There are 2 protein chains.
Amino acid sequence: MRKAATIRDVAARAGVSVSVVSRVLNGTGPVAPAKRVQVLDAIEALAFRPRAAARQLSQGHSDTIGLLLADLTNPFFARLADRVVAEARSRDLQILLMTTQEDPHLEGQALDTLLDRSVGGMIGTPTGHNVERWEKLSALDIPVVFVDRSIAELDQVDVVSIENIDSAATATRHLLDRGHTRIGIISGPLDTTTGVERVQGYEQALRERGVARDDRLVRPAPFRGDHGADVVAQMLALPEPPTGLVVANTAQVRVVLRMLSQARVEIPDDLSVVVFDDNPWTELIRPPLTAVRQPIDMLALHSVELVHARMRQKLPPAPRRVRVPAEFLERASTARR
Amino acid sequence: MRKAATIRDVAARAGVSVSVVSRVLNGTGPVAPAKRVQVLDAIEALAFRPRAAARQLSQGHSDTIGLLLADLTNPFFARLADRVVAEARSRDLQILLMTTQEDPHLEGQALDTLLDRSVGGMIGTPTGHNVERWEKLSALDIPVVFVDRSIAELDQVDVVSIENIDSAATATRHLLDRGHTRIGIISGPLDTTTGVERVQGYEQALRERGVARDDRLVRPAPFRGDHGADVVAQMLALPEPPTGLVVANTAQVRVVLRMLSQARVEIPDDLSVVVFDDNPWTELIRPPLTAVRQPIDMLALHSVELVHARMRQKLPPAPRRVRVPAEFLERASTARR
DNA sequence: TTGTACGCGTTATCAA
DNA sequence: TTGATAACGCGTACAA
């Protein structure tokens with residue numbers, strides 16, 4: 001195969017200069033109607049496509065946005081990726097995908113790679129570390145949008161997430177309403193915003209009803225690994241075990257359910273369970289799980305829209321915090337006490 | 001923030017020429033030890049990172065590989081993406097992600113985007129259409145590796161997949177061994193290689209045991225939508241309904257199980273079920289599902305390794321067909337008839 | 001072992 | 001309305 005056509009080839013064939021071709025390509029500047037068709041014909045004939053690299057080098061920025069997610073094994077992030085890709089395409093944006101596996105070291109490497117400016121913007125779920133590099137991205141005028149989680153210190157960064165506090169409060173109230181007072185919560189790590197906010201919501205609901213908080217029932221678990229199972233096991237071994245449980249750590253839902261099943265804990269008879277978040281497999285589990293469903297398409301839509309707007313500098317500099325409500329789905333894993 | 005450093009800034013600061021810097025950067029050619037440290041120091045001090053676009057423009061190819069998957073909503077593809085990203089990183093390759101949503105039109109657009117040569121290689125699950133564009137990629141010397149599925153006409157393209165025929169035969173024999181003779185199969189569309197090959201394996205197993213094939217029990221279903229449920233419902237409404245079922249269409253497993261549950265079909269008492277493929281949620285379903293587990297890490301490893309080798313022209317031109325065996329997991333969704 | 005100068009493909013500036 | 005030409009940042013012959 002011979003080499004692909006360049007803008008010069010097109011110009012030659014159309015009998016015009018490269019500038020004219022560039023102008024019809026980008027609609028930037030005047031072109032005589034007659035010449036325009038000649039150029040278009042030449043482009044067609046030579047199957048010319050502008051090289052992204054050359055364009056990027058010339059203008060300094062790219063139409064590629066980096067998507068840095070924790071882990072595609074988690075259906076929540078997988079579905080988020082799916083929607084982000086779709087939203088990006090509809091705006092002619094490309095997605096460069098990386099994962100952190102919740103490992104700050106890997107996250108750091110990924111950010112370094114992105115820092116070479118090959119991306120025009122970033123969407124990511126930060127591990128909570130690498131604050132300097134996230135800052136540097138912003139400092140380099142690369143728009144950053146945090147999705148799902150954020151980093152408290154970085155209050156200049158745009159954030160798109162669900163109403164974590166409200167959602168956790170709703171889930172907790174649902175259990176309180178059904179007569180439960182010993183309610184456990186497995187959250188994400190307390191150095192993540194989702195972790196702390198969901199615990200806040202839980203505490204708020206308890207406070208409303210005058211139920212005392214028991215430290216032994218409020219337990220964070222790492223996103224990776226099977227630690228969530230141990231934590232729940234410990235709760236259940238308490239002298240006064242919980243009768244209700246909120247699994248607010250999306251990544252640990254599966255692990256916790258497996259442990260419960262192995263330990264022959266009957267749901268909801270022995271234990272009422274609410275989980276974050278809902279995924280298509282949730283309804284196949286017996287009993288179908290009461291869940292907080294995150295509006296993933298909204299999260300994706302706003303994230304992409306936000307970086308896109310920033311990339312075109314269509315937005316005032318003030319950081320945006322988009323919080324979308326989550327839906328509460330009552331199914332069969334929760335019952336009256 | 002002032003502009004990022006270029007290779008010239010580094011050269012100036014280190015008191016050498018750009019070529020020296022380039023050489024220490026790429027290890028291409030000799031550099032005096034003393035100057036090397038000066039350069040390294042300058043790079044450090046200026047936080048210099050070579051611009052990917054400039055490098056790509058200069059050398060003509062990129063370290064980015066396009067990953068074109070059907071749909072990240074399907075846990076199989078999601079986990080595949082997760083592993084591909086990991087394998088790519090360990091080789092300093094970037095992943096540009098796109099999805100087809102099983103739509104040939106979207107696939108075509110995605111391929112056009114990739115055709116502008118911004119990618120150095122491609123890994124994808126083709127829909128079966130857009131043959132010309134896949135061909136053109138190869139013709140442009142962009143290495144292409146099909147994973148999971150392939151396109152029969154494109155026999156010059158590398159393929160990495162599981163042993164589809166064997167796997168389906170094993171699944172079918174498992175049911176035959178347990179006394180089932182009325183065995184249904186839901187496959188993928190018959191214009192996909194996974195669809196036809198798995199049906200072939202099914203037929204082969206039946207033939208071995210002298211069981212006649214019944215057309216009404218061999219039904220393809222599209223990957224998207226809920227059509228698989230209808231097809232199974234039709235099978236079960238037959239005068240002589242099947243007592244065993246192979247769900248060979250990964251994307252329809254969930255849909256089929258939901259329908260079975262709603263129709264109050266008892267598994268395995270009324271119907272023994274084997275599914276492609278195993279995902280972490282499968283074991284939480286009651287009863288735990290007998291499944292064909294695809295070695296996703298192997299699929300990812302070989303795919304990335306293959307494109308990478310081709311990108312460095314480390315391989316003889318003959319197309320490679322890597323077929324990895326799948327694991328058969330007997331759980332509780334299959335029983336003697 | 002080092003440095004100069006040019007090419008990669010596109011956009012942008014500016015004079016015609 | 002058009003066309004030369006200078007960036008953009010890096011790799012690399014080729015000359016020194």
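If you're wondering where the values come from, they're calculated on a predicted model, not measured in any experiment. Chain identifiers are assigned alphabetically (A, B, ...) following the order of the sequence lines, protein sequences preceding nucleic acid strands; residue numbering begins at 1 within each chain.
The CD-P distance, from B:Gln56 to D:dC10, rounds to 14 Å in whole Å. In this structure, the CG atom of A:Asp9 is 9 Å from the P atom of C:dT10, given to the nearest Å. Per the geometry, CZ belonging to A:Arg36 stands 14 Å off C1' belonging to D:dT2, to the nearest Å. With rounding to whole Å, A:Arg55 atom CZ is found 18 Å from D:dG9 atom P. In this structure, B:Arg51 atom CZ and D:dG11 atom C1' are separated by 15 Å, rounded to whole Å. Between the CG atom of A:Leu25 and the C1' atom of C:dT11 there is a distance of 11 Å, given to the nearest Å. Nucleotide C:dT4 holds its P atom 14 Å from the CD1 atom of B:Ile7, rounded to whole Å.
The side chain of B:Lys35 approaches C:dT2 more closely than any other nucleotide in the set C:dT2, C:dT10, D:dG11. For A:Val31, the side-chain atoms get nearest to D:dT2 when compared with the rest of D:dC10, D:dT2, C:dG3. Taking every side-chain heavy atom of B:Ala54 into account, D:dC10 is the closest of D:dT2, D:dC10, C:dT2. Picking from C:dT10, D:dG11, C:dT11 the nucleotide with the shortest atom distance to the side chain of A:Thr6 gives C:dT10. The nucleotide whose nearest atom lies closest to any side-chain atom of B:Val18 is, among C:dA5, C:dA12, C:dT11, C:dA5. Of the candidate nucleotides D:dG3, C:dA12, C:dT10, C:dT10 has the atom lying nearest to any side-chain atom of A:Phe48. Set against C:dA12, D:dT12, C:dT10, the side chain of A:Gln59 has C:dA12 as its closest nucleotide.
Separation of atoms CD (A:Glu107) and CG (A:Leu68) is listed at 6.0 Å; rounding is to 0.5 Å.
Checking B:Val160, B:Val307, B:Val159 one by one against B:His302, the side chain to side chain contact (heavy atoms under 4.5 Å, CB included) holds for a single residue, B:Val160.
Comparing A:Arg49 and B:Arg8 against DNA chain C, the residue whose closest nucleotide sits nearer the 5' end is B:Arg8.
Regarding contacts with the backbone of D:dT2, every side-chain N or O of A:Ser17 stays at 4.0 angstrom or more from both OP1 and OP2. Put simply, B:Ser58 has no side-chain N or O that comes within less than 4.0 Å of OP1 or OP2 on C:dC8.
Salt bridge annotation for B:Asp158-B:Arg321: absent, with no cationic side-chain nitrogen under 4.0 angstrom from a carboxylate oxygen. Between B:Arg91 and B:Glu87 there is a salt bridge, with a side-chain nitrogen of the basic residue lying less than 4.0 Å from a carboxylate oxygen of the acidic one.
Among the heavy atoms of the strands lying under 4.0 Å from A:Pro50 are primed sugar atoms or P, OP1, OP2 only; no base atom is included.
A pairwise comparison of heavy atoms in A:Leu72 and A:Ala81 identifies CD1-CB, 4.2 Å as the closest pair.
For C:dG3, its base sits under 3.5 Å from the side chain of B:Ser19 at one donor and acceptor pair at least. A donor-acceptor contact under 3.5 Å links the side chain of A:Arg23 to the base of D:dG3.
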